[in-house]
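Data block below; observations after.
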Amino acid sequence: MNINTNLASEPLLPFPSLLERARQQQLSVTELFQCAESLNSAGQREQAGELYRSWIAYNDSNPLLHLVYFNYSVTLRQLGDLSGSINALRAALKIEPRFGQGHINLGRALEDAGLTGQAIQQWQAFAEMTAEITPERVGHRLMILQHIGRVLENAGLMEEAEKTLWQAMELRPEKIESGQHWTSLRQRQCKWPTLVPSEHVSARQLLDALSPLTLACYADDPIFQLAKAYRYCTSLVGRPDLTGFARIAPRQKSNTAQRLRIGYVSSDLRDHAVGFALSEVFETHDKSTVEIYAYYCGEARTSDATQSRIMNAVDCWRDISMIGDEDAARQIVADEIDILVDVNGYTKHARTKIFAYRPAPVIVAFCGYPGTMGSPFHQYIIADEHIIPPGHEIYYSEKVLRIPCNQPVDRQRQIAPRPDRADVGLPEDGFIFACFNGMQKITAACFARWMAILAATPNSVLWLLSGGENVDQRLRQTAEQHGVSSERLIFAPKAPNPKHLARVGVADLFLDTFPYGAHSTASDAVTMGLPVLTFPGNGFASRFCASIVAAAGVPELICDGPDDYVVKAIAFAKDREALTAVRQSLERQRDASVLRDIPALVRRLEQLYWQIQGECERGETPVPDLRNLDVYYEVGVEIMNENIEFEDSAAYRQRYFQKLANWHAFSPIPYDGRLWTPETAPIR
């Protein structure tokens, strides 16, 4: 970003005249910036760069020379001259060593050049020299610490990243970005309790900083999840300038020969769980009735078999990763998309703001994110009756539509030959409990249940995906504290997907996590004949695994709650015949199960798309219900502080209702369509 003078531009002189004025020291810094910006806006970046070079050469005593070098560096970056940009930034900092924005940009440039170590050193140097506090320097220090934390996190140095982000949080605890990453890092490291307030960062500020996805790993509270999503969307997207984006009227396509044009937006159309899930869906779509556009917003990929397969399956592939949200929205408008599907939700590399421009008549949330969007522009959500059973629609701002199973599987995925137990570091005898979920899904309560199961089944081990040596060692130590030998925890290293799938089946029983259960890992397990034991909660993420287990045809593996889960896990370890019967049932039903009936899933999906189109044409597109979500958020914060892990639906709703009634007694709450309705609210 350039240093901006915020002054109106004067008519631009001919370029030779500008160069002459620069040589004669007759061009002020303000005029220089205005002229260079006009040249850049006109696409004449080479001339803008030449103007900066000439000005610098003949105005080296100007007190604002460091700002000129800074803007020159931005122009050089736009020209693709990374080394020149680095040199210009170093020149700026030589003149003004405490120029915070210069340190920030130089670190970013060094990072982009692959010199992450030098980038961190650059940022740390500025962090150390900003001891005295001014609003500007606090802001710069905050940005520096956030950049350091991000790079350390990307490098896998989670302890170091956590410490750096904590410094940023204590500096400005109301700025939620640092807290989002800090909490996520603690979850990935299995550091419990996850939220630890201090004198400078309150428990409320830590809760406010949770992202919706991190919250799903922290608590099973779908009303608070909705309220959090609403606040997150408001903060992330706000109210963009919709000038030039008129609302798009539906195209009349029902009962015609025209195809319905569906656009899928995702950063995960690649070798990723979402890419695996959607590959066969794209290939199975009936191209005589629907036309499929894929908008990829993820990182650049080379030799990615899944992405190549998707590109071959869709009618049109567009990479929007290098263009801005507004331009991406304009491209979608130009493509005349009828229904735009958000496959990212609030996940990494999501481009939520694209949808805020409403570049299609209808926007649908599906597949990639386990929860509601809480936005004013997502009108539908597609799930199944196990994830969102009747009566649970109140937890979602979107209209709920249902397919047979929310987890598409790719029946064509490659699977390596199955190894022996010894080949993957497991004992040949004994009972193998396993969980291949990410470490961020393991909570203290979940791990305590596992330890209780191991303690009751002496001839068993627990097989987990490695979280890195530090995390693995932390779990070993925690096991010892529960009275379980650390040797009974075995950690599987990362493996290519075909080999990972092959090794899954050598375990005896998959133990699900709570509140964020297994998704694709559960479908992988049952596909390989490994039974998955789970118990559903109230929210999307906590019910997903039960949906997969039911779709695989073994509902007896769905427990009534955490106590039943422990009892059944122990019983299966002691009754191999019962478990063998479950495995045989999985095998018998494998190819005919709802989970693997992709043609039926796609047919239903297409029926829903045409239903959505019909509703849109008739003016019946639903309006997201966002009433009272600020109140629900405040109530949810109170409930979060009570640390309740699991409740049945009735108890959960009663807890909210009682707190709403207390709130209403103090300040009346208008009715909404959730818990506070004319039928349920007390008459005052």
Side-chain angles (χ1 to χ4, degrees), residues 212 226 229-230 232-234 236-242 244-251 253 260-269 274 278 281 290-297 316 318 320 325-347 349-383 388 393 396-403 406 540 605-626 629:
L226 168 60
Y230 167 71
Y232 190 78
C233 182
T234 301
L236 180 72
V237 176
R239 182 178 292 179
D241 181 3
L242 300 182
F245 283 93
R247 292 294 287 271
I248 301 172
R251 301 163 187 88
K253 292 191 173 181
L260 197 59
R261 192 167 288 187
I262 312 296
Y264 290 86
V265 182
S266 176
S267 64
D268 299 324
L269 302 179
V274 170
L278 288 179
V281 170
V290 295
E291 188 176 2
I292 304 303
Y293 278 61
Y295 298 93
Y296 180 67
C297 56
C316 180
R318 295 201 188 282
I320 59 171
D325 295 330
E326 186 172 343
D327 288 338
R330 293 191 188 282
Q331 179 63 67
I332 293 167
V333 171
D335 288 336
E336 297 186 344
I337 298 300
D338 298 302
I339 298 172
L340 192 62
V341 183
D342 183 355
V343 186
N344 264 121
Y346 298 126
T347 59
H349 300 307
R351 300 284 295 277
T352 311
K353 195 170 183 178
I354 290 174
F355 302 94
Y357 290 106
R358 303 176 189 262
V362 183
I363 295 169
V364 178
F366 171 58
C367 190
Y369 174 70
T372 181
M373 293 299 292
S375 90
F377 40 84
H378 288 78
Q379 296 122 333
Y380 295 89
I381 185 170
I382 296 176
I388 309 179
E393 295 89 349
Y396 301 84
S397 59
E398 307 90 345
K399 179 177 179 178
V400 177
L401 300 176
R402 296 178 176 89
I403 54 177
N406 209 64
F540 197 120
L605 191 61
E606 290 171 354
Q607 289 173 359
L608 292 179
Y609 287 154
W610 279 105
Q611 175 186 328
I612 290 169
Q613 177 67 15
E615 291 178 1
C616 187
E617 291 175 7
R618 295 190 300 273
E620 299 172 0
T621 300
V623 177
D625 183 2
L626 305 176
L629 291 183

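In this structure, Ile382 and Tyr609 approach most closely via the heavy-atom pair CD1-CE2, 4.2 Å. Across every non-hydrogen atom of Tyr369 and Thr372, the tightest pair is CE2-O, 3.5 Å. Closest approach of Ala328 to Ile354, counting heavy atoms only: CB-CD1, 3.7 Å. Taking every heavy atom of both residues into account, Ala383 and Phe540 meet most closely at CB-CE1, 4.1 Å. The minimum heavy-atom distance between Ala229 and Tyr346, with the atom names listed, is O-OH, 3.7 Å. The minimum heavy-atom distance linking Gly263 with Ile337 is given by the pair N-CG2, 3.6 Å.
If you take CD1 on Ile363 and CD1 on Ile339, they are separated by 11.5 Å, rounding to the nearest 0.5 Å. Note that CG of Asp625 and CD of Glu393 are 12.5 Å apart. Values are rounded to the nearest 0.5 Å. Here the CG-OH distance, from Leu626 to Tyr230, works out to 6.0 Å after rounding to the nearest 0.5 Å. Remark: Cys233 SG to Leu629 CG distance equals 11.0 Å, nearest 0.5 Å. Atoms CG and OH, on Leu269 and Tyr264 in that order, are 10.5 Å from each other to the nearest 0.5 Å. Here the CD1 atom belonging to Ile381 is positioned 14.0 Å from the NZ atom belonging to Lys399, to the nearest 0.5 angstrom.
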side-chain contact (heavy atoms from CB on, under 4.5 Å) for Phe366 and Ile403? Distances and angles first, verdict last.
CA-CA 11 Å; Phe366 171 58; Ile403 54 177; 3.6 Å; yes
With side-chain contact (heavy atoms from CB on, under 4.5 Å) as the test, would you mind laying out the steps for Leu278 and Cys367 before giving the verdict?
CA-CA 9 Å; Leu278 288 179; Cys367 190; 3.9 Å; yes
Working note: Val333 + Tyr357, criterion side-chain contact (heavy atoms from CB on, under 4.5 Å); need CA distance, chi angles, decisive distance, verdict.
CA-CA 10 Å; Val333 171; Tyr357 290 106; over 6 Å; no
Hey, mind stepping through Thr352 and Met373 against side-chain contact (heavy atoms from CB on, under 4.5 Å) and telling me if it holds?
CA-CA 10 Å; Thr352 311; Met373 293 299 292; 4.2 Å; yes
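No side-chain donor from either of Gln607 and Gln611 sits under 3.5 Å from a side-chain acceptor of the other. For the residue pair Gln331/Asp327, the side-chain donor-acceptor check at 3.5 Å is not satisfied.
Contact of the Leu401 side chain with the Ile612 side chain is registered, since non-hydrogen atoms from C-beta on lie closer than 4.5 Å. Between Leu608 and Tyr380 there is no side-chain heavy-atom pair separated by less than 4.5 Å.
Judged by distance alone, with hydrogens and angles left aside, the side-chain atoms of Ser397 form no donor-acceptor pair with the main-chain N or O of Pro624 at under 3.5 Å. No donor-acceptor pair closer than 3.5 Å links the side chain of Glu617 to the backbone N or O of Pro250. When atom types are taken as modelled, the side chain of Arg318 and the backbone of Tyr293 share no donor-acceptor pair closer than 3.5 angstrom. Proximity of a side-chain donor or acceptor of Asp342 to a complementary backbone N or O of Gly345 within less than 3.5 Å is detected.
At a threshold of 4.0 Å, the pair Asp338-Arg251 counts as salt-bridged, since one of the basic side-chain nitrogens sits closer than that to a carboxylate oxygen.
With sequence neighbours left out, Glu326 forms a salt bridge (charged side-chain N to carboxylate O under 4.0 Å, His left out) with Arg330. Judged as a side chain to side chain contact (heavy atoms under 4.5 Å, CB included), and not counting sequence neighbours, the contacts of Arg618 are Glu615, Glu620.
With respect to His349, the side-chain contact (heavy atoms from CB on, under 4.5 Å) criterion is satisfied by exactly one of Cys297, Ser267, Ser266: Ser267.
Every pair passing salt bridge (Lys or Arg N to Asp or Glu O under 4.0 Å) that includes a residue from residues 349-370 is listed here, sequence neighbours excluded: Asp325-Arg351.
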